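To start, the structure under review is shown below, and the notes come after it.
The first residue in the sequence is number 1, and the count goes up from there. Here the structure is a predicted model, which means the values were calculated and not measured.
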Amino acid sequence: MQIIAVSNIKGGVGKTTTAVNLAYLASAAGHRTVIWDLDPQGAATYTLRGEPNEPASARKLVSGKRELPELVAPTGYENLDLLPADFSYRNFDVHMSEHKRPSERLMRMSRSLQDAYDVLVLDCPPGMSLLTENVLRAADAVIVPMLPAPLSLRMLEQLLAFAEESGWPDLKILPFFSMVDRRRSLHDETIANARERFPVILATEIPYWSEIERMTVRRAPLPAFAPRSTSAQLYTELWEETVARLGSL
């Protein structure tokens with residue numbers, strides 16, 4: 001099972017939109033996929049019209065009293081399931097810190113999904129925390145949506161340095177520019193500078209279009225309700241680029 005996380009220290013950069021669309025595209029390609037909404041705000045759960053089958057607190061999950069397969073809910077899309085968010089997830093850090101090897105708790109929890117799924121997509125809350133460290137340790141790849149702004153490049157520099165210092169040479173960090181408006185000179189300048197400094201940045205760029213924002217109104221993945229749209233094609237290109245960087249699924 002490949003674990004693909006969508007994460008950024010900053011909020012409001014398109015993490016949930018990216019996670020939901022990529023999870024849908026993985027399932028549409030025939031991969032048994034589950035998306036785990038780790039953000040207590042539950043945006044991915046809302047977008048996929050998810051309802052928890054039986055809520056389980058973060059404490060019970062971390063302690064092993066509950067297993068993730070018990071909490072899986074269907075989405076109505078073939079090959080795509082959901083692990084809905086729970087408001088108690090805001091305390092994941094606290095409960096993880098109470099156990100030995102606290103940075104490995106999420107990796108241990110996810111093992112129970114290996115036989116049932118080919119792809120696990122993690123929609124992560126913003127911030128850099130013990131939960132974030134768990135995500136980075138467990139994931140095969142971390143997709144990082146970035147706004148075309150100087151602070152985004154500073155964040156990327158910090159993330160790359162943290163991964164190197166932590167000794168995770170196999171972790172693939174896949175940043176891309178999100179909410180791009182090419183009419184703004186700052187966006188053009190930032191993107192050009194970033195591509196020169198960080199060759200790891202994906203070629204696909206997601207624009208700041210109202211069509212993409214409609215996902216939360218339609219409460220569905222963009223490729224599901226507008227498969228022929230330019231926006232859906234861009235997410236398809238992002239997915240294909242991610243798979244190419246991973247090497248295989």
Side-chain angles (χ1 to χ4, degrees), residues 3-27 33-62 66 68 71-75 77 80-97 102-103 105-107 109-110 113 117 119-139 141-147 152 155 159 173-176 178-179 206 212-213 215-222 235 238:
I3 300 178
I4 301 173
V6 182
S7 180
N8 191 312
I9 295 171
K10 288 177 60 62
V13 297
K15 289 189 302 296
T16 295
T17 303
T18 302
V20 169
N21 284 330
L22 295 190
Y24 174 83
L25 289 166
S27 67
T33 304
V34 59
I35 178 171
W36 187 3
D37 189 352
L38 289 168
D39 191 335
Q41 297 179 82
T45 302
Y46 176 83
T47 302
L48 289 169
R49 302 175 182 267
E51 295 291 341
N53 285 336
E54 188 177 347
S57 68
R59 180 188 292 275
K60 289 183 178 179
L61 284 172
V62 172
R66 297 296 300 274
L68 290 177
L71 310 177
V72 169
T75 65
Y77 300 106
L80 180 59
D81 288 336
L82 169 70
L83 283 164
D86 189 272
F87 196 56
S88 68
Y89 285 5
R90 70 193 189 280
N91 295 321
F92 253 133
D93 288 356
V94 175
H95 302 312
M96 287 173 168
S97 66
S103 64
R105 302 310 300 181
L106 190 140
M107 182 166 57
M109 286 187 279
S110 65
L113 300 168
Y117 296 99
V119 180
L120 167 61
V121 176
L122 304 175
D123 184 25
C124 305
M128 178 60 78
S129 62
L130 181 56
L131 176 59
T132 310
E133 188 174 348
N134 268 263
V135 166
L136 295 175
R137 182 177 287 272
V142 179
I143 299 173
V144 187
M146 303 189 303
L147 302 183
S152 294
M155 175 280 301
L159 179 60
I173 297 178
L174 308 177
F176 74 96
S178 176
M179 304 173 76
I206 301 298
I212 297 171
E213 292 183 300
M215 277 182 59
T216 54
V217 178
R218 298 291 295 266
R219 297 184 67 184
L222 187 56
Y235 278 105
L238 181 65

Minimum heavy-atom separation for [X] to [Y], with atom names?
X    : Y    : result
P126 : G11  : CB-N, 3.7 Å
P84  : Y89  : O-OH, 3.6 Å
M109 : F92  : CE-CE2, 4.1 Å
R66  : L61  : O-CD2, 3.8 Å
S178 : P145 : CB-CB, 4.0 Å
R49  : R218 : NH2-O, 3.0 Å

Between V142 and L174, is the side chain to side chain contact (heavy atoms under 4.5 Å, CB included) condition met? List the steps. CA-CA 6 Å; V142 179; L174 308 177; over 6 Å; no
Qualifying ring pair (Phe, Tyr, Trp, His ring centres under 6.0 Å) pairs, either residue in residues 119-138, two or more places apart: none
Atom pair [atom1]/[atom2] of [X] and [Y] - distance to nearest 0.5 Å:
X    : Y    : atom1 : atom2 : value
I35  : D81  : CD1   : CG    : 11.5 Å
M215 : T47  : CE    : OG1   : 5.5 Å
L83  : L120 : CG    : CG    : 7.5 Å
L38  : D86  : CG    : CG    : 11.5 Å
L25  : Y235 : CG    : OH    : 10.5 Å
L80  : Y24  : CG    : OH    : 9.0 Å

Report, one line per pair, each donor and acceptor closer than 3.5 Å where one atom sits in a side chain of residues 128-137; sequence neighbours left out.
unit_1 : atom_1 : unit_2 : atom_2 : d
S129   : OG     : D93    : OD2    : 3.4
S129   : OG     : L131   : N      : 3.3
S129   : OG     : T132   : N      : 3.4
S129   : OG     : T132   : OG1    : 3.3
T132   : OG1    : G127   : O      : 3.1
T132   : OG1    : S129   : N      : 3.1
N134   : OD1    : R105   : N      : 2.9
N134   : OD1    : L106   : N      : 2.9
N134   : ND2    : P102   : O      : 3.0
N134   : ND2    : L130   : O      : 2.9
R137   : NE     : S103   : OG     : 3.2

Verdict with reasoning, I9 to L159, per side chain to side chain contact (heavy atoms under 4.5 Å, CB included): CA-CA 9 Å; I9 295 171; L159 179 60; 5.7 Å; no
Apply side-chain hydrogen bond (donor to acceptor under 3.5 Å, both in side chains) to D37 and list each qualifying residue two or more places apart in sequence or on a separate chain.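 If we apply the side-chain hydrogen bond (donor to acceptor under 3.5 Å, both in side chains) test to D37, skipping adjacent residues, the hits are T45.
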Test item: T33 side-chain N/O and V119 main-chain N/O as donor-acceptor pair under 3.5 Å: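 Such a contact is absent between T33 side chain and V119 backbone.
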Any donor-acceptor N/O pair, T75 side chain to L48 backbone, under 3.5 Å: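 No: the side chain of T75 does not pair with the backbone of L48.
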My understanding is that only residues two or more places apart in sequence, or in another chain, count here; which of them pass salt bridge (charged side-chain N to carboxylate O under 4.0 Å, His left out) with R59? E98
Applying side chain to side chain donor-acceptor pair (under 3.5 Å) as the test, list every pair that has at least one member in residues 10-19; sequence neighbours left out.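 Only T16-D123 qualify under side chain to side chain donor-acceptor pair (under 3.5 Å).
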Residues that E213 engages under side-chain contact (heavy atoms from CB on, under 4.5 Å), provided they are two or more places apart: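 side-chain contact (heavy atoms from CB on, under 4.5 Å) check on E213 returns Y208, S210.
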Test side chain to side chain contact (heavy atoms under 4.5 Å, CB included) on V34 and L68 and set out the steps. CA-CA 11 Å; V34 59; L68 290 177; over 6 Å; no
